[in-house]
K.L.:
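Here you go, one structure.
Whatever order the structure lists them in is the order used to number ligands and atoms, beginning at 1. We use all heavy atoms of the structure for the numbers below, so side chains are in, but hydrogens, waters and symmetry mates are not. Not measured: the values here are computed from a predicted model.
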Amino acid sequence: MLDINRISFWAVLIAAFALTAQASPSFMYDVLKERVGVPQGWVRRSISNESEIIPLRIALKQANPGTIESTLNQTSDPDSKNYLKHLSKTDVLQLLKPSNRSAKVVRDWLESHDAHLSRRSSAHSLLVEVPVHKARRMLNADFSVFEHRDTSEKVVRTTEYHLPRDVADHVDFIGGTTYFSTLHTMRRPARTVEKDVQMPNTDQHGRISKVNLNQSGAVQNGVPSSCNASKVTNQCLRDFYGTADYKPKAASKTHIGIAGFLNETANYQDLDLFLQSQRPDALRGHASFDYISVNGATNNQSLEASTGEAALDVQTAVGITWPIRTSFYSVGGSPPFKKDEFTPTDTNEPYLQLLEHLLQLEDHQLPDVLSVSYGDDEQTVPEKYARRVCTLFAALGLRGVTVFDSSGDQGVGGDSKSECVTNDGNNKPTFLASFPSTCPYVTSVGATQDFAPERVTTKKFSDIVSGGGFSRYFNRPSYQDDVVTSYLTDYQGTQYHDLYNPLGRAYPDVAAQGSRFLISVGGKFELISGTSASTPLFASIVSLLNDARIAQNKATLGFINPLLYKRLGGSGAFNDITHGSAEGCGDYKGFKAAQGWDPVTGFGTPKFKTLLNKVLDL
Ligand SMILES: *[C@@H]1O[C@H](CO)[C@@H](O)[C@H](O)[C@H]1NC(C)=O
Ligand SMILES: *[C@@H]1O[C@H](CO)[C@@H](O)[C@H](O)[C@H]1NC(C)=O
Ligand SMILES: *[C@@H]1O[C@H](CO)[C@@H](O)[C@H](O)[C@H]1NC(C)=O
Ligand SMILES: *[C@@H]1O[C@H](CO)[C@@H](O)[C@H](O)[C@H]1NC(C)=O
Ligand SMILES: *[C@@H]1O[C@H](CO)[C@@H](O)[C@H](O)[C@H]1NC(C)=O
Ligand SMILES: *[C@@H]1O[C@H](CO)[C@@H](O)[C@H](O)[C@H]1NC(C)=O
Ligand SMILES: *[C@@H]1O[C@H](CO)[C@@H](O)[C@H](O)[C@H]1NC(C)=O
């Protein structure tokens, strides 16, 4: 009996094997490609319509992974003979290219499921739009609708997906699966901060008063007379950091880019209002910006559609850099869905769309500085997705672009202790790092307030606390080994050692004012705080540095962190911030600002003139 049973068992197994093998000879074994926890705030619901179409973006593996990073290591190291020898579009795309075999294997697999490539596929990532039931089969994945408890936003996602073994080796990750975008802006038009503020420098008829336009120059105790910490104007920022008397020399060749996600809309009329009161010479010079739509975003210039983040970013940048060319990249969502209760609204994976767009631009179309005032809690971004996006930021660096990102507005994490827990089901207390600031190829910017001395923003005065911390995905890059080790030894010790990863990429790298900027939104002035403010500010100052270099036929600064850590930090080119700390996650003090580099203000805030002398010598 035993024997017979055994024989029939094997016979059945072999028969089954043969059948499967015949049906699909090369796609047999499932490999678990990724598994994530459902991020806080999202609730699983059932899908009412299995025929609903969802996009899957298959990011193909690079033929030679790591070449982007190792090449960038040379072009960004001031001691390398290849320093600032930026690569062309063709060369960078070549480095990113998948092997022919990868492309073929993945195409064959898609074909075997009768999934057709969308025209929006590229050489690096293939897009298919398939019904949910097909996506389930292709990826052996448990797609559901997830609804956000607070915003009622709905997305179709899965918490894990699989690929046939032969295919898995050729794919970095698949977009549209495990990433629950919690992308948010890094600003607060907040409680203590007023709305509808009277324009500065105007009389009751709205006319600009002459007296106040001549504020540059006078400085008392290191504070220009144009500055008042409770209402920060662009003129003040230009006086304080020393850019006010710098006239751009290569404005038509220099180019600053501003990223816009989540329907953020920059308005031309708002920019005019802002310039009228804070930078009238630019207004007379017809300052404006290019509105560039990526992935179907619409440019709605009705004043009611104007939003705070875009207004803050564009106005700050144009105010500092005029007449340098400014582009606002408005990144739209993926295919529109019908709005009914269980229909997803948006399955947007915004960084990828922006990065693929930028990397396809010709060299003369590419901005040399990109300011990103958005971020996600790192742990809610699937690791494979984060790594791919980070490599694409590195690819921009290889082409000579400096990418800035806000370090976050909640110190070491969320508002309360209960938010600061791991996402892996264990709910272990942890500080929350912010992506893409944790990507070592991005320059992360923290925020300060006050002028004498400048200090870390506080909740009480600015409604935000400069973010800072350590990645759990990305190892500490070698460029910051020395300063981070010193900080941990000299100041941090073992405090909070179980709440962060001391071996991870530490951020921010630098800081700038980020408190109570006076900005026009929808025709009215508001005071807006955030690392969202400090980021376009710092990016603008680097844009002026680029301008000076371009005027001397020198290359743009590109990925700037190795230069920062090797040469500029600790050289007198920054105001070292030593007051305040990255309070967050309830009542944790977080990381303290300290002499030299620290994980709340980096090396500090820029001294433009000193930086200018140093970068012209490179
Ligand atoms: C389900 O979605 C498909 C594709 O969008 C659509 O054609 C169909 O009408 C929908 N069915 C129902 C019952 O809504
Ligand atoms: C970059 O170069 C430094 C030394 O210049 C080295 O320590 C580091 O490992 C390199 N990193 C990569 C990714 O090649
Ligand atoms: C890859 O495919 C391209 C275009 O089909 C071809 O030109 C190239 O020679 C192929 N490369 C290799 C290594 O086979
Ligand atoms: C404006 O500034 C200039 C240079 O600092 C100075 O000479 C002039 O007197 C000032 N004018 C007024 C009205 O304050
Ligand atoms: C700064 O502005 C605040 C609020 O508008 C005002 O109360 C204060 O007097 C100003 N300080 C100076 C020195 O002008
Ligand atoms: C963006 O705007 C469109 C059209 O007004 C709307 O359907 C969509 O829900 C908005 N998306 C977000 C994330 O606000
Ligand atoms: C532009 O935005 C306004 C205000 O949100 C809205 O009423 C209007 O319909 C929008 N226009 C278009 C063309 O989407």
K.L.:
Mark up the atoms of ligand 7 that fall under 4.0 Å of a heavy atom belonging to Ala305, in ascending order.
P.N.:
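Ligand 7 atoms under the 4.0 Å threshold to Ala305: 2 (O).
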K.L.:
Hey, is Arg279 close enough to Asp281 for a salt bridge, meaning N to O under 4.0 Å?
P.N.:
yes
K.L.:
Short list, please: which atoms of ligand 7 are under 4.0 Å from a heavy atom of Ser302?
P.N.:
2 (O), 3 (C), 4 (C)
K.L.:
Quick one: do Arg120 and Glu356 make a salt bridge, cutoff under 4.0 Å?
P.N.:
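Answer for the salt bridge query: no.
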K.L.:
Write out the residue and atom name of the closest protein heavy atom to atom 3 (C) of ligand 3, then the distance separating them to 0.1 Å.
P.N.:
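Here the nearest protein heavy atom works out to Asn100 ND2, 3.6 Å.
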K.L.:
Could you work out, for atom 1 (C) of ligand 1, the closest of Asn49, Ile53, Val132, Ile54 by heavy-atom distance?
P.N.:
Asn49
K.L.:
Tell me, with the steps shown, if Leu303 and Asp270 meet side chain to side chain contact (heavy atoms under 4.5 Å, CB included).
P.N.:
CA-CA 8 Å; Leu303 260 184; Asp270 272 330; 3.9 Å; yes
K.L.:
Do Asp169 and Arg101 sit within salt-bridge range, that is, some charged N less than 4.0 Å from a carboxylate O?
P.N.:
no
K.L.:
Numbering the atoms of ligand 1 from 1, which are under 4.0 Å from a heavy atom of Glu52?
P.N.:
2 (O), 5 (O)
K.L.:
Any non-hydrogen protein atom below 4.0 Å of atom 5 (O) of ligand 3?
P.N.:
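Given the 4.0 Å cut-off, atom 5 (O) of ligand 3 does not count as touching protein heavy atoms.
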K.L.:
Run the salt-bridge test on Arg107 and Glu111 with the 4.0 Å N-O cut-off and return the result as yes or no.
P.N.:
no
K.L.:
Geometry only, no angles: is Asn300 polar-contacting ligand 7 at N/O separations under 3.5 Å?
P.N.:
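For ligand 7, there is an N or O atom that lies under 3.5 Å from one belonging to Asn300.
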K.L.:
Does atom 11 (N) of ligand 3 have a protein non-hydrogen atom under 4.0 Å from it?
P.N.:
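Given the 4.0 Å limit, the answer for atom 11 (N) of ligand 3 is yes, a protein heavy atom qualifies.
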K.L.:
Run the side chain to side chain contact (heavy atoms under 4.5 Å, CB included) check on Val130 and Asp114 step by step: do they pass?
P.N.:
CA-CA 9 Å; Val130 295; Asp114 205 24; over 6 Å; no
